[in-house]
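Notes to accompany the following structure.
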Amino acid sequence: MRRCLFPLLPLLLSATGAAGAETLPESLIHCDSRFFSELYIQQSKFKHVAPLTTDSQHHAWFVAPKDRGNTVWFAQPVAVQQLTLSGYYSQQDDLAEMGKYYFWGLVIDQSVEAVIKAMPNVNWKKVNDEYFAVAMIKRPGEQVWQKNETAVSGIAPAKGSVEKLAMLSVRNGKTQLLCSVQGSVTKEVLLPLRPDLIAGKK
């Protein structure tokens with residue numbers, strides 16, 4: 001099982017630069033349904049390398065492998081500008097009083113440094129062997145995500161709160177660009193983030 005407790009640091013996407021279409025990795029950084037919307041737009045590029053499912057809200061997601069593993073490996077790598085995508089990773093854990101933990105994202109052939117270079121508008125912060133960005137939190141009673149400026153490494157989210165962030169690390173020789181949502185995660189929290197899970201898919 002992946003380590004579930006992370007130092008959630010107050011990092012945001014840079015607001016500079018002209019607005020434009022995002023690549024699939026760039027859409028993932030927001031840690032919401034934009035990734036699944038972008039995959040729907042680009043489904044013709046991916047449906048030949050892995051099974052896809054879509055919904056009526058113009059979302060698409062990869063179908064979990066039959067062996068119930070966490071990684072959907074692409075039949076062949078998919079080039080996205082400077083990066084080569086070789087799979088999709090998804091995992092969820094229920095740690096009872098410590099909260100629920102959801103991870104999803106892309107497996108990339110290039111190094112962590114190459115991924116950082118390919119995404120110059122993301123402000124990554126290195127902590128030990130991993131990088132983190134776009135740390136946000138919803139405290140009890142809050143409806144809007146806020147910058148997470150008080151998270152502490154190694155401590156689970158406070159009861160009633162939910163945290164999310166993008167993370168970048170190496171696992172089994174591959175780079176993983178993932179989102180994490182953790183804490184008191186409810187269906188209402190998941191709805192804007194994970195249409196694949198709300199639809200009863202993993």
Side-chain angles (χ1 to χ4, degrees), residues 1-6 8 13 22-43 45-47 49-55 57-74 78 80 83 85-95 99-109 112 115 119 122 124 130-138 145 148 157 162-172 174-202:
M1 182 178 74
R2 286 193 62 86
R3 180 166 56 88
C4 295
L5 305 180
F6 299 102
L8 305 185
L13 280 171
E22 292 185 314
T23 65
L24 194 62
E26 288 170 340
S27 70
L28 178 63
I29 295 297
H30 306 289
C31 294
D32 59 21
S33 64
R34 276 174 277 191
F35 170 81
F36 302 96
S37 296
E38 190 60 38
L39 183 57
Y40 183 91
I41 293 170
Q42 299 187 32
Q43 61 181 292
K45 190 174 185 178
F46 289 90
K47 66 182 180 181
V49 300
L52 284 176
T53 295
T54 61
D55 65 15
Q57 303 301 310
H58 300 120
H59 299 124
W61 55 88
F62 296 105
V63 178
K66 293 181 180 179
D67 63 1
R68 298 179 178 267
N70 293 325
T71 305
V72 177
W73 294 106
F74 298 161
V78 178
V80 177
L83 302 178
L85 312 183
S86 58
Y88 173 79
Y89 181 91
S90 179
Q91 179 181 335
Q92 58 189 84
D93 299 295
D94 188 341
L95 301 184
K100 297 179 179 179
Y101 294 77
Y102 298 84
F103 304 92
W104 72 101
L106 297 166
V107 181
I108 301 174
D109 289 350
V112 167
V115 176
M119 308 177 74
V122 181
W124 294 100
E130 298 179 309
Y131 291 80
F132 303 90
V134 202
M136 307 292 286
I137 189 169
K138 274 187 182 182
W145 289 102
N148 191 358
V162 186
E163 301 171 341
K164 69 172 184 173
L165 80 164
M167 54 186 295
L168 191 59
S169 62
V170 176
R171 188 181 188 197
N172 297 328
K174 298 277 189 177
T175 297
Q176 288 188 331
L177 174 63
L178 303 180
C179 282
S180 170
V181 174
Q182 52 197 36
S184 300
V185 184
T186 63
K187 182 177 179 180
E188 289 69 31
V189 170
L190 276 180
L191 182 59
L193 310 179
R194 295 289 304 270
D196 58 326
L197 295 183
I198 294 302
K201 309 291 184 180
K202 181 178 176 182

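In what follows, every heavy atom counts, from backbone to side chain, and hydrogens, waters and symmetry copies are set aside. Quick caveat, the model's predicted, so the values are computed rather than measured.
Annotation: the span from S86 atom OG to I108 atom CD1 amounts to 8.0 Å, rounded to 0.5 Å. A distance of 11.5 Å separates CD1 in I137 from CG in L165, rounded to the nearest 0.5 Å. Atoms OH and CG, from Y40 and L52 in turn, are 11.5 Å apart once rounded to the nearest 0.5 Å. Once rounded to the nearest 0.5 Å, the distance linking OG of S90 with CZ of R194 reads 4.5 Å. In this structure, CH2 on W104 lies 14.0 Å from CD on Q176, to the nearest 0.5 angstrom. A distance of 5.0 Å separates CZ of F132 from CE of M167, quoted to the nearest 0.5 Å.
Of all the heavy atoms in V78 and V49, the pair that sits closest is CG2-CG2, 3.9 Å. The shortest heavy-atom contact between F74 and A50 is CD2-CB, 3.9 Å. Shown here for S184 and V162, the closest heavy-atom pair between the two residues is O-CG2, 3.1 Å. Across T54 and A60, no two heavy atoms sit closer than the pair CG2-CB, 3.8 Å. Between L24 and L85, the shortest heavy-atom contact is CD2-CD1, 4.3 Å. Closest approach of W124 to A133, counting heavy atoms only: CE3-CB, 3.7 Å.
Ring geometry, F36 versus W61: the interplanar angle exceeds 60°, so the pair is classed perpendicular (tilted spans 30 to 60°). Under the 30°/60° scheme for interplanar angles, the aromatic rings of Y88 and F35 are found to lie parallel.
Side-chain atoms of L177 and I29, non-hydrogen and from C-beta on, do get closer than 4.5 Å to each other. Taking 4.5 Å as the limit, some side-chain heavy atom of L28 sits within range of a side-chain heavy atom of C179. Under the 4.5 Å side-chain criterion, counting only non-hydrogen atoms from C-beta, D55 is in contact with P195.
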L168/T175 under side-chain contact (heavy atoms from CB on, under 4.5 Å): CA gap, chis, key distance, verdict: CA-CA 7 Å; L168 191 59; T175 297; 3.6 Å; yes
Does K100 form a side-chain contact (heavy atoms from CB on, under 4.5 Å) with Q92? I'd like the steps, not just the answer. CA-CA 7 Å; K100 297 179 179 179; Q92 58 189 84; over 6 Å; no
Just do the side-chain contact (heavy atoms from CB on, under 4.5 Å) check on K45 and V80 with the steps written out, would you? CA-CA 10 Å; K45 190 174 185 178; V80 177; 4.2 Å; yes
Using side-chain contact (heavy atoms from CB on, under 4.5 Å), reason through Y102 and L197 one step at a time and then give a plain yes or no. CA-CA 10 Å; Y102 298 84; L197 295 183; 3.5 Å; yes
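Although no hydrogens or angles enter the test, the distance criterion places a donor-acceptor pair under 3.5 Å between the side chain of D32 and the main chain of R34.
Considering only residues two or more places apart in sequence or on other chains, Y131 meets the ring pair (Phe, Tyr, Trp, His ring centres under 6.0 Å) condition with none of them.
Within 6.0 Å of NZ in K138 there are more than 12 heavy atoms belonging to other residues, nucleotides or ligands.
A salt bridge between D109 and K174 is present, with a side-chain N of the basic residue lying under 4.0 Å from a carboxylate O of the acidic one.
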